[in-house]
Number of protein chains: 2
Amino acid sequence: MLDPVSRVRRFNRAVTSAVGALDNSFLGRGRPLGAARVLNAIGQGRSDVGEVRDYLGLDSGLMSRLLRNLEDEGLIETQAHEDDARRRVASLTRAGKREFAAYEALSNTQAESFLARNVQAEALLAAMDLVASALTRDRIALAEMDPRSDEARYCLGEYYAELGRRFKQGFDVSLSRDPDAKDMRRPRGSFIVAMSDTLPIGCVGLKGTDHGYAEIKRLWVAPSARGLGLGKRLMDAAEDAARRLAIALLRLDTNSALPEAGRLYRTTGWREIPRFNDDPYPDLFFEKRL
Amino acid sequence: MLDPVSRVRRFNRAVTSAVGALDNSFLGRGRPLGAARVLNAIGQGRSDVGEVRDYLGLDSGLMSRLLRNLEDEGLIETQAHEDDARRRVASLTRAGKREFAAYEALSNTQAESFLARNVQAEALLAAMDLVASALTRDRIALAEMDPRSDEARYCLGEYYAELGRRFKQGFDVSLSRDPDAKDMRRPRGSFIVAMSDTLPIGCVGLKGTDHGYAEIKRLWVAPSARGLGLGKRLMDAAEDAARRLAIALLRLDTNSALPEAGRLYRTTGWREIPRFNDDPYPDLFFEKRL
DNA sequence: AGCATTATCTGACTTTAGTCAGATATAAAT
DNA sequence: ATTTATATCTGACTAAAGTCAGATAATGCT
């Protein structure tokens, strides 16, 4: 009754019935589930018909009919893709946007009432984040983003907060050599964010310098996504970005209060080198030749 | 993107697609999902037709047909209920047991492969327990059980382990006045276990004495089920059991290292009294007149 | 230009799920 | 003993989902 497999299966049962209830609530708007799902996928920005079909796992015939139904209802419009007239792109009409908003409101209300029923919400949310990351680990997408984007700033905020907790003396960004955003943008560098669904769960920066090397900065993985090998994936992506920018030498600094990071560097071809800057926080320095 | 509602919705999306994959895997055995679900419900011990129907939320006509299909496949047999010939009781035939075992193996394999993909399994399992408890909070069932049953012993084991962690000096059952199981059985007392699906997540004992009162012992709620009001529910159930046994006075002892417990007693009509036993662990004593 | 490939659509199905109004048999209440 | 209630079943449906073989039109490749 208490072995790990039983616990996973208990979770599956709990979640199956919760999902069933969720699906049923979508039926309340007088539209079959299939059509509602297509409408919502389009509302969420999946405009390409093929993309929606893949996402929902639908047969092309069925998909076509569902689109036709939504069109007849006046909720969507389709037009040919501008680069490839075989493909179709769907968009919500004014009425479709209203309908989509109604579904969104339904989902939000449900989420709110779930939260209201559960007092210890923060622990529960952290648990939900962890489970969601584990379930979607194969769909974690890395994307190059502007270091000033909302997603990047969120990651950096979390990263600084974590350093503050980890370092005995705390962490004050202004004392550190905060990399200028433009050094982490092409063509000088890069900033990569790991997204699980719509949630940023990790990041890494590649910061260009004028000293013949680039630096890896701000490697962070959300607590809810650790153990999924994401740190390695982010580092690989940063190295690829460096190669594309014809950068041959990488350096980074880190702190012994972050042992996971040190372990990762040591096992992926990085070599410890002497201090190469006067930032007060790091006490370990690494280099890797690409 | 990071407010609680979005996090809940991200979790919902993650889980919806996981559940979909799970359901689809059940289709691999050449039987529609409805029939597979009925077969599994019966295999899990839900023999009463009405019970299965309620559990799966099926229309009685549909249920009847699904049963007929399984019967035609030679997987189940039905007979009249021995106390009420209107009701039907279903059971698996030999072939049905084989088929059920195949479904079980499928579920177990999936759970195992999920666990194998996730290194930090214990943290993940704890998170899944918490989420499952929260999702099924309305279906947590309290049941009177023998204090020697597997479920009860599991709860007690967890309870002792937790006391060991909470008390500065640790906890050794043999030093405490371990209640004899028979004092927590009718007609002397009672033992109540809270079950969430098949997982015991809390307990409380009502221990009869010869001193004109009964004692509440072993109130425990699993960490994964705290914040759901389960402690209160268990105490209410214990009091009800006492009333049914015509017990008019209740006492209990506890320790100030368990502040949640103390708070619960104080807010539910219990009155602090002087020490009434010489157990070395408790330092707080309460009484309640029913 | 010609041919294979791709994305979508249409028509013609089948299967599954679900609904609803009785029918039947038994049990419970008066 | 009659009436009422309950559990299940049957027949006759409808709706939704899914399948599959072409048709159509645009694109890519040689």
Side-chain angles (χ1 to χ4, degrees), chain A residues 16-17 19-21 23-42 46-73 75-91, chain B residues 16-17 19-21 23-42 46-73 75-91:
Chain A
T16 299
S17 75
V19 164
D23 277 358
N24 277 332
S25 79
F26 265 39
L27 257 35
R29 298 198 63 76
R31 196 171 288 108
L33 211 58
R37 270 204 271 260
V38 170
L39 180 70
N40 278 282
I42 296 168
R46 278 172 237 270
S47 51
D48 215 281
V49 168
E51 190 191 346
V52 174
R53 214 174 44 215
D54 281 359
Y55 174 66
L56 299 175
L58 299 175
D59 170 88
S60 76
L62 181 51
M63 175 72 193
S64 183
R65 256 176 281 271
L66 291 172
L67 280 177
R68 229 43 66 236
N69 292 345
L70 289 170
E71 235 167 18
D72 293 349
E73 269 197 272
L75 301 178
I76 63 163
E77 286 167 338
T78 61
Q79 57 183 116
H81 189 283
E82 56 182 14
D83 297 338
D84 180 347
R86 290 170 305 182
R87 288 155 69 191
R88 304 235 97 202
V89 175
S91 57
Chain B
T16 299
S17 77
V19 163
D23 277 357
N24 277 331
S25 80
F26 264 39
L27 256 36
R29 298 198 62 76
R31 196 169 290 109
L33 213 57
R37 271 204 269 261
V38 170
L39 180 70
N40 278 283
I42 295 168
R46 278 172 238 271
S47 52
D48 216 281
V49 168
E51 190 190 346
V52 174
R53 213 175 43 216
D54 281 358
Y55 173 65
L56 299 175
L58 298 174
D59 170 88
S60 77
L62 181 51
M63 175 73 192
S64 183
R65 258 175 279 271
L66 291 172
L67 280 177
R68 228 43 65 233
N69 293 345
L70 290 170
E71 234 166 18
D72 293 349
E73 269 197 273
L75 301 177
I76 64 163
E77 287 168 338
T78 61
Q79 58 184 114
H81 190 283
E82 56 182 12
D83 297 339
D84 180 345
R86 290 170 305 182
R87 288 155 68 190
R88 305 236 95 204
V89 175
S91 58

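Below, read A as the first sequence line, B as the second, and so on, with proteins coming before strands; counting in each chain starts at 1. In this text, all values refer to a predicted model and were calculated from it rather than measured experimentally.
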Under 4.0 Å between any heavy atoms, over every strand shown, what does R53(A) touch: base, sugar-phosphate, or nothing? Just pick one. sugar-phosphate
Residues passing the side-chain contact (heavy atoms from CB on, under 4.5 Å) test with A85(B), sequence neighbours excluded, are A80(B)
Which residues pass the side-chain contact (heavy atoms from CB on, under 4.5 Å) test with V19(A), sequence neighbours left out? D23(A), V15(B), T16(B), V19(B)
Heavy-atom contacts under 4.0 Å between residues 26-39 of chain A and DNA chain D, which residues? P32(A), L33(A), G34(A)
Look for any protein N or O under 3.5 Å of an N or O in nucleotides 27-30 of chain D and output each such pair with its distance, or none.
{"residue": "dT27(D)", "atom": "OP1", "partner": "A85(A)", "partner atom": "N", "Å": "3.1"}

Distance in angstrom units between N24(A) CG and dA16(D) C1', rounded: 14 Å
Considering residues at least two apart in sequence or located in another chain, which fulfil the side chain to side chain donor-acceptor pair (under 3.5 Å) criterion with N40(A)? none
Between L67(B) and D72(B), is a side chain to side chain contact (heavy atoms under 4.5 Å, CB included) present by the stated rule, with each step listed? CA-CA 9 Å; L67(B) 280 177; D72(B) 293 349; over 6 Å; no
Within the structure shown, what part of the strands sits under 4.0 Å from R65(A) by heavy-atom distance: base, sugar-phosphate, or nothing? base
In short, V52(B) meets A41(B) closest at the heavy-atom pair CG1-CB, 3.9 Å
Considering residues at least two apart in sequence or located in another chain, which fulfil the side chain to side chain donor-acceptor pair (under 3.5 Å) criterion with S60(B)? none
Not counting sequence neighbours, list each pair that qualifies as a side-chain hydrogen bond (donor to acceptor under 3.5 Å, both in side chains) and has a residue in residues 46-59 of chain B. D48(B)-R87(B)
Excluding sequence neighbours, so at least two apart, what forms side chain to side chain donor-acceptor pair (under 3.5 Å) with D84(B)? R86(B)
Quick one, I42(A) with I76(A), criterion side chain to side chain contact (heavy atoms under 4.5 Å, CB included). Give me CA distance, side-chain angles, the key distance, then yes/no. CA-CA 9 Å; I42(A) 296 168; I76(A) 63 163; 4.2 Å; yes
Rounded to the nearest 0.5 Å, how far apart are NE2 of H81(A) and CZ of R88(A)? 12.0 Å
Tell me which pairs pass side-chain hydrogen bond (donor to acceptor under 3.5 Å, both in side chains) where either residue lies in residues 29-38 of chain A, with sequence neighbours left out. R29(A)-E99(A), R31(A)-E73(A), R31(A)-E99(A), R31(A)-Y103(A)
Note: chain B reaches DNA chain C at heavy-atom distances under 4.0 Å over the stretch, first to last nt, 5' to 3', of dT16(C) to dA27(C)
Please identify each residue that fulfils side chain to side chain donor-acceptor pair (under 3.5 Å) with E71(A), with sequence neighbours left out. R68(A), T78(A)
Give, ordered by number, those residues of residues 56-64 of chain B having at least one heavy-atom distance below 4.0 Å to an atom of DNA chain D; if nothing qualifies, reply none. S60(B), G61(B), S64(B)
Report the C-alpha separation of L58(B) and V38(B) in whole Å, then their side-chain angles, then the decisive distance to 0.1 Å, and conclude whether the side chain to side chain contact (heavy atoms under 4.5 Å, CB included) test is met. CA-CA 10 Å; L58(B) 298 174; V38(B) 170; 4.0 Å; yes
